[in-house]
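To start, the structure under review is shown below, and the notes come after it.
The structure presented is a predicted model; accordingly, all values stated were derived computationally and were not measured. If you read the sequence from its start, that first residue is 1, and numbering goes on from there.
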Amino acid sequence: MSPSAPPPPALFLSRVERRYIQGTATLDILRGADFAVWPGEIVALVAPSGTGKSTLLHVAGLLERPDAGEVYIGARPTVELDDSERTRLRRVDIGFVYQFHHLLPEFSALENVVLPQLIRGLDRKVAGQRATDLLTFLGIGQRLKHRPAELSGGEQQRVAIARAVANGPRVLLADEPTGNLDPGTADHVFHTLIALVRASRVGAVIATHNLDLARRMDRRVTIRDGIVMQMD
């Protein structure tokens, strides 16, 4: 019996190009970028502002279409999918964490994590149990009924992380997830984020300017002249 084929990357960008028009000028941001992230792998994206970091995350997260190339979520090509199917994939297979948590202020921590699951169509009881389990794993199980204004910055960001993985995505994209926190809180939030990625086997790309945090990830990449490159 032949051995089973290895699983595909959680995320794979193949020869991706992205350009913008500004007046009469054309800005080539990504120029044939290749980039793969495997299930359970945590990749640090370390790049100066203006080099294409946000563009790469937007293309990977199906928020923008590339001008050329392909974006695979799992083994599935996505560039030619219609907008409704791309939206469905974002809802189910991609989780986002931003520098600012963007929690819904009128809902509790638990409700903020339950809501995306209900939008996906999960049963409320199942969604509530998963949200409780995630928040407990992240160390804030005693704060389930608190609204964002009643939580510290680090607690709010952990709720945002739980919300991002509540639907069991293949890919987690985080843009400076600890950039708005003090060093001690940032370290704690980062530790819980990494533990959750390992436990859930999601493929994670974490954009950060914090080189200390970047060195604690599986590998570091940067963007140079529109190409994704491994860092030393």
Side-chain angles (χ1 to χ4, degrees), residues 7 9-11 37-43 57-58 60-63 73-74 76 78 84-181 185 188-207:
L11 169 70
V37 183
W38 297 90
E41 184 182 32
I42 305 162
V43 179
L57 291 175
H58 288 169
L62 309 187
L63 296 171
I73 303 298
R76 186 172 188 184
T78 64
S84 63
E85 186 60 16
R86 287 167 64 87
T87 298
R88 192 196 70 80
L89 278 178
R90 282 198 302 272
R91 186 178 299 146
V92 174
D93 283 340
I94 305 172
F96 298 92
V97 182
Y98 300 99
Q99 180 174 351
F100 300 98
H101 50 78
H102 300 300
L103 299 176
L104 298 173
E106 66 271 27
F107 293 109
S108 69
L110 183 68
E111 291 166 339
N112 267 279
V113 182
V114 165
L115 186 59
Q117 300 179 74
L118 297 183
I119 293 172
R120 181 182 174 182
L122 268 66
D123 174 78
R124 181 177 290 275
K125 184 176 180 179
V126 174
Q129 186 59 58
R130 177 163 176 77
T132 299
D133 291 345
L134 283 169
L135 292 168
T136 300
F137 182 91
L138 292 170
I140 50 174
Q142 76 285 5
R143 310 283 278 171
L144 300 180
K145 296 183 179 179
H146 290 68
R147 294 184 178 183
E150 301 171 305
L151 301 172
S152 69
E155 289 170 338
Q156 291 176 38
Q157 196 63 318
R158 278 180 278 169
V159 175
I161 291 167
R163 178 183 60 185
V165 301
N167 280 331
R170 292 177 181 267
V171 179
L172 179 67
L173 303 174
D175 193 359
E176 298 287 350
T178 62
N180 201 39
L181 304 174
T185 302
H188 185 64
V189 169
F190 178 79
H191 176 77
T192 57
L193 172 60
I194 295 304
L196 187 57
V197 169
R198 299 290 191 213
S200 61
R201 297 289 296 164
V202 64
V205 182
I206 302 177

Closest non-hydrogen contact found for Thr78 with Leu62 is OG1-CD2, 3.4 Å
Which distance, rounded to the nearest 0.5 Å, do you find between the CD of Glu150 and the CZ of Arg143?
7.5 Å
Please confirm whether the backbone N or O of Arg170 pairs with a side-chain atom of Asp93, one donor and one acceptor, at under 3.5 Å?
no
Note: Val189 and Gly154 closest approach over all heavy atoms is CG2-O, 3.7 Å
Inter-residue atom distance Ile140.CD1 - Gln156.CD, 0.5 Å rounding:
9.5 Å
Leu151 versus His146, closest heavy-atom pair with distance:
CD2-CB, 3.6 Å
Kindly indicate, with the supporting measurements, whether the criterion side chain to side chain contact (heavy atoms under 4.5 Å, CB included) is fulfilled by Leu134 and Leu196.
CA-CA 9 Å; Leu134 283 169; Leu196 187 57; 3.8 Å; yes
The single option from Val113, Leu135, Val159 passing side-chain contact (heavy atoms from CB on, under 4.5 Å) against Leu144:
Leu135
Distance in Å, Arg91 CZ paired with Arg86 CZ, rounded so as to fall on 0.5 Å steps:
14.0 Å
The test is side chain to side chain contact (heavy atoms under 4.5 Å, CB included); show your working for Gln117 and Val126 and say whether it passes.
CA-CA 9 Å; Gln117 300 179 74; Val126 174; 5.6 Å; no
Flag the pair Glu85 and Arg88 as a salt bridge only when some basic side-chain nitrogen lies within less than 4.0 angstrom of an acidic carboxylate oxygen.
yes
Donor-acceptor contact below 3.5 Å, side chain Asn112 vs main chain Phe107
yes
For the CG atom of Leu104 and the CG atom of Leu115, what is their distance to the nearest 0.5 Å?
6.5 Å
With under 30° as parallel and over 60° as perpendicular, where do the rings of His102 and Tyr98 fit, or are they tilted in between?
perpendicular
Look up atom OG1 in Thr132 and atom CD in Gln129, then write down how far apart they are to the nearest 0.5 Å.
5.5 Å
Minimum heavy-atom separation for Leu11 and Ala60, please, with both atom names.
CD2-CB, 3.9 Å
Within the structure provided, determine whether Ile206 and Pro177 are in side-chain contact (heavy-atom separation under 4.5 Å).
yes
Does Arg90 reach the main-chain N or O of Phe96 with its side chain, forming a donor-acceptor pair under 3.5 Å?
no
Tell me whether Arg120 contacts the main-chain N or O of Asn167 through its side chain, where contact means a donor paired with an acceptor under 3.5 Å.
yes
Is there side-chain contact between Arg163 and Leu103, with heavy atoms separated by less than 4.5 Å?
yes
For residues Gln157 and Leu193, determine if any side-chain heavy atom of one lies less than 4.5 Å from a side-chain heavy atom of the other.
no
Are Val171 and Val37 close enough that some pair of their side-chain heavy atoms sits under 4.5 Å apart?
no
Between Ala131 and Leu110 the two heavy atoms that sit nearest each other are CB-CD1, 3.6 Å
Which distance, rounded to the nearest 0.5 Å, do you find between the CD1 of Ile94 and the CD1 of Ile73?
4.0 Å
Measure across Ala164 and Pro169 and return the closest heavy-atom pair with its distance rounded to 0.1 Å.
O-CG, 3.6 Å
